[in-house]
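Below, chains carry the letters A, B, ... as their sequence lines are ordered, and counting in each starts from 1. Scope of the values below: all heavy atoms of this structure, side chains included, with no hydrogens, waters or symmetry mates.
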There are 2 protein chains.
Amino acid sequence: MDDDDRVFKALADPTRRFLLDLLFARDGRTLTELESELEMSRFGVMKHLKVLEEADLVVTRRAGREKLHFLNPIPIRQVHDRWIDKYTEHHVTALLELKADLEENES
Amino acid sequence: MDDDDRVFKALADPTRRFLLDLLFARDGRTLTELESELEMSRFGVMKHLKVLEEADLVVTRRAGREKLHFLNPIPIRQVHDRWIDKYTEHHVTALLELKADLEENES
DNA sequence: AAGTTATGTGACCTAAAGGTCACATGTCAA
DNA sequence: TTGACATGTGACCTTTAGGTCACATAACTT
């Protein structure tokens with residue numbers, strides 16, 4: 001399994017995406033803290049974090065008996081750059097910003 | 001299965017990512033043309049294209065008995081925006097451009 | 001040292017995804 | 001209208017991924 005494959009496989013599961021959402025909101029959390037946000041057993045969460053770590057989407061630092069988890073945006077950006085060139089990016093961002101503006105005025 | 005799930009599941013397979021690569025290089029191809037680039041049977045390729053289409057990563061247009069396939073960059077950009085805010089984007093792009101420059105000088 | 005807390009490993013079961021095939025429909029061209 | 005071409009459907013099999021558990025190691029606290 002190559003690097004790309006690891007990243008995309010890691011992103012394919014909703015629980016793992018939710019873990020990334022949690023870390024996007026606030027970095028540096030432990031396994032136990034992340035587990036408390038999910039319905040799943042600790043073993044399940046640990047397995048998912050391992051997959052994210054092996055894909056380099058999450059990087060970790062040990063602090064005593066705790067292991068702190070951080071979101072790494074680099075692989076995400078590389079996914080983007082694979083299929084969106086600079087020219088297309090300009091159009092797509094403009095389109096999505098327009099869409100966001102319209103939805104704001106609706107509410 | 002929600003929209004997000006369809007996109008990420010679609011991206012999880014290497015054959016489907018290769019199909020996106022082909023369409024990124026040149027749009028508007030038929031099933032038969034795409035099939036000729038792969039080792040797989042026509043049925044396999046068709047199944048993969050269906051998954052990509054249901055995820056809205058590929059959009060199609062019929063022309064007689066042919067079906068033309070086009071890459072849609074919108075879902076890819078939305079993946080990016082989910083975990084990379086404007087501030088982080090600035091840092092990450094700068095870092096990746098630096099990395100690209102260095103690797104260019106190596107060769 | 002002893003109890004508690006935090007994380008790690010391997011086996012196991014079940015559900016889902018990838019791939020092929022027989023068969024089928026629709027369209028073009030002579 | 002007959003033959004060739006392009007795409008579509010459902011069943012089937014095999015591999016892989018998600019989830020839980022029994023068991024285990026390591027570090028903080030008193």
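- Atoms CG and NE2, from A:Asp81 and B:His80 in turn, are 7.5 Å apart once rounded to the nearest 0.5 Å.
- Within the 4.0 angstrom heavy-atom criterion, base atoms lie near B:Gly44.
- The CG atom of A:Leu68 sits 9 Å away from the P atom of C:dT7 (whole-angstrom rounding).
- For the pair B:Lys47 NZ and D:dG10 P, the computed distance is 12 Å after rounding to whole Å.
- Across the protein-nucleic acid pair, A:Lys67 atom NZ and D:dA27 atom P stand 14 Å apart, rounded to whole Å.
- Neither OP1 nor OP2 of D:dT9 sits under 4.0 Å from any side-chain N or O of B:Lys50.
- In this structure, A:Glu33 atom CD and C:dT7 atom C1' are separated by 15 Å, rounded to whole Å.
- Taking atom CD of residue B:Glu66 and atom P of nucleotide C:dT25, one finds them 22 Å apart after rounding to whole Å.
- Place A:Ser41 and A:Ala63 on DNA chain D by their nearest nucleotides, and A:Ser41 ends up nearer the 5' end.
- Look at A:Arg29 and A:Glu66 and you find no salt bridge, because none of the NZ, NE, NH1 or NH2 atoms lies under 4.0 Å from a carboxylate O.
- Residue B:Met40 is classed as a sugar-phosphate contact, given heavy-atom separations below 4.0 Å to backbone atoms only.
- Listed pair A:Thr32 / C:dT7 meets the phosphate criterion, a side-chain N or O lying under 4.0 Å from OP1 or OP2.
- Between B:Lys47 and B:Glu35, none of the side-chain N atoms (NZ, or NE/NH1/NH2) sits under 4.0 Å from a carboxylate O, so this pair counts as no salt bridge.
- In this structure, CZ of A:Arg62 is placed 10 Å from P of D:dC28, rounded to the nearest angstrom.
- Of the residues near DNA chain C, B:Arg16 and A:Arg42, the one whose nearest nucleotide (by heavy atom distance) lies more toward the 5' end is A:Arg42.
- Applying the 4.0 Å criterion to OP1 and OP2 of D:dG19, one finds that A:His48 has a side-chain N or O inside that range.
- Rounded to a whole Å, the CZ atom of A:Phe43 is 16 Å from the P atom of C:dA11.
- Residue whose closest nucleotide on DNA chain D sits further toward the 5' end, between A:Asp13 and B:Leu31: B:Leu31.
- Looking only at distances, a side-chain donor or acceptor of A:Asp27 sits under 3.5 Å from a matching main-chain atom of A:Leu71.
- The CZ atom of B:Arg65 sits 21 Å away from the P atom of C:dA24 (whole-angstrom rounding).
- The side chain of B:Lys9 lies closest to C:dA17, out of D:dG18, C:dA17, C:dT7.
- Closest approach of B:Phe18 to B:Glu37, counting heavy atoms only: CE2-O, 3.9 Å.
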